[in-house]
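What you see below is based on every heavy atom in this structure, not just the backbone, and it leaves out hydrogens, waters and symmetry mates.
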Amino acid sequence: MSLLEIRVLGDPVLRQETKVVAEVTDEHRRLIDDMLETMYAAKGIGLAAPQVGRLERIAVIDVHEGKPFAIVNPEIVDEEGAEKGEEGCLSIPEVYGDVERSQRVTVRALDRDGRELEIEADELLARCLQHEIDHLHGKLFIDYFSLLKRRGALSKWEKLKKEYPELRRRVTPEVIADHHEGEESL
């Protein structure tokens, strides 16, 4: 497995629509494994392929249940309720804000082996699924902010982005072991 560079706000790949995966291959499974390792190293709970510079419609998630999983070609097929909650993003480090999302969702996707799965989720898992699926369609959590809040977030980001040369965030392996401690981002 390898740690991948995380693309940060300003990299055009984050705004691109991903491509449907026709068949899950060994290459996709390696990508999934690398994405999970990268997500843990960055202390995240979700990571989508565009965040590591790839355009396959793939995301990985682990919301502390000790059961990491991948979703390939996910789509939300049902949603209900609405709930505001704070979000962050591995591609926009140190920027957080409240986002209103569906309280419960049903998602259909393929798993890492190409088998169909349906996930019924609420609370943090529902929020994480929606956040990662947005990434697969070029949408970021700051797009949900009011104009004023978005301006504030972008102003903060302008001061922070110089820490990420070439709009890349490099994570290191020493934080993998303690990935469940400290602040986490979707």
Does the [X] side chain pair with the main chain of [Y], one donor and one acceptor, at a distance under 3.5 Å?
X	Y	answer
Arg150	Ile142	yes
Arg15	Gly138	yes
Lys149	Asp98	no
Lys43	Tyr40	no
Arg127	Glu87	no
Asp11	Val13	yes
Gln130	Ser102	yes
Arg57	Pro74	no
Glu80	Arg104	no
Asn73	Val20	no

Closest heavy-atom pair and its distance - [X], [Y]:
X	Y	value
Val24	Gly114	CG2-CA, 3.8 Å
Leu136	Ala48	CD2-CB, 3.9 Å
Ala153	Phe145	CB-CE2, 3.9 Å
Thr172	Leu3	C-CD1, 3.6 Å
Leu90	Ala42	CD2-O, 3.5 Å
Tyr96	Gly88	CD2-CA, 3.6 Å

Quick one: which of Arg29, Arg30, His28 gives a side chain to side chain donor-acceptor pair (under 3.5 Å) with Asp26?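 Of Arg29, Arg30, His28, side chain to side chain donor-acceptor pair (under 3.5 Å) with Asp26 is met by Arg29 alone.
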Evaluate the criterion side-chain contact (heavy atoms from CB on, under 4.5 Å) for residue pair Gln51 and Arg169; output intermediate values, then yes/no. CA-CA 10 Å; Gln51 293 179 273; Arg169 179 179 175 193; over 6 Å; no
Run Trp157 and Val8 through side-chain contact (heavy atoms from CB on, under 4.5 Å) and show every step you take. CA-CA 10 Å; Trp157 175 246; Val8 297; 3.8 Å; yes
Other residues, nucleotides, ligands: >12 heavy atoms within 6.0 Å of [X] [atom1]:
X	atom1	value
Glu123	CD	no
Glu166	CD	no
Glu116	CD	no

Can a cation-pi geometry be assigned to Lys139 and Tyr144, taking NZ or CZ under 6.0 Å from the six-membered ring centre and within 45° of the ring axis?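 Yes - Lys139 lies over the ring of Tyr144, closer than 6.0 Å to its centre and within 45° of its axis.
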Distance, nearest 0.5 Å, that separates CD1 of Ile76 from CD1 of Ile119: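 Going from the CD1 atom of Ile76 to the CD1 atom of Ile119 covers 11.0 Å.
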Run Glu118 and Arg108 through salt bridge (Lys or Arg N to Asp or Glu O under 4.0 Å) and show every step you take. CA-CA 5 Å; Glu118 186 169 287; Arg108 283 197 191 121; 2.8 Å; yes
Check this for me: does any side-chain nitrogen of one of Arg170 and Glu5 sit under 4.0 Å from a carboxylate oxygen of the other?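 So Arg170 pairs with Glu5 through a salt bridge.
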Taking Val52 as the fixed residue, which of Met39, Met35, Arg168, Arg7 is the one that meets the side-chain contact (heavy atoms from CB on, under 4.5 Å) rule?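 Only match with Val52 under side-chain contact (heavy atoms from CB on, under 4.5 Å): Met35.
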Trace of the salt bridge (Lys or Arg N to Asp or Glu O under 4.0 Å) decision for Arg54 with Asp34: CA-CA 12 Å; Arg54 301 285 295 261; Asp34 291 346; over 6 Å; no
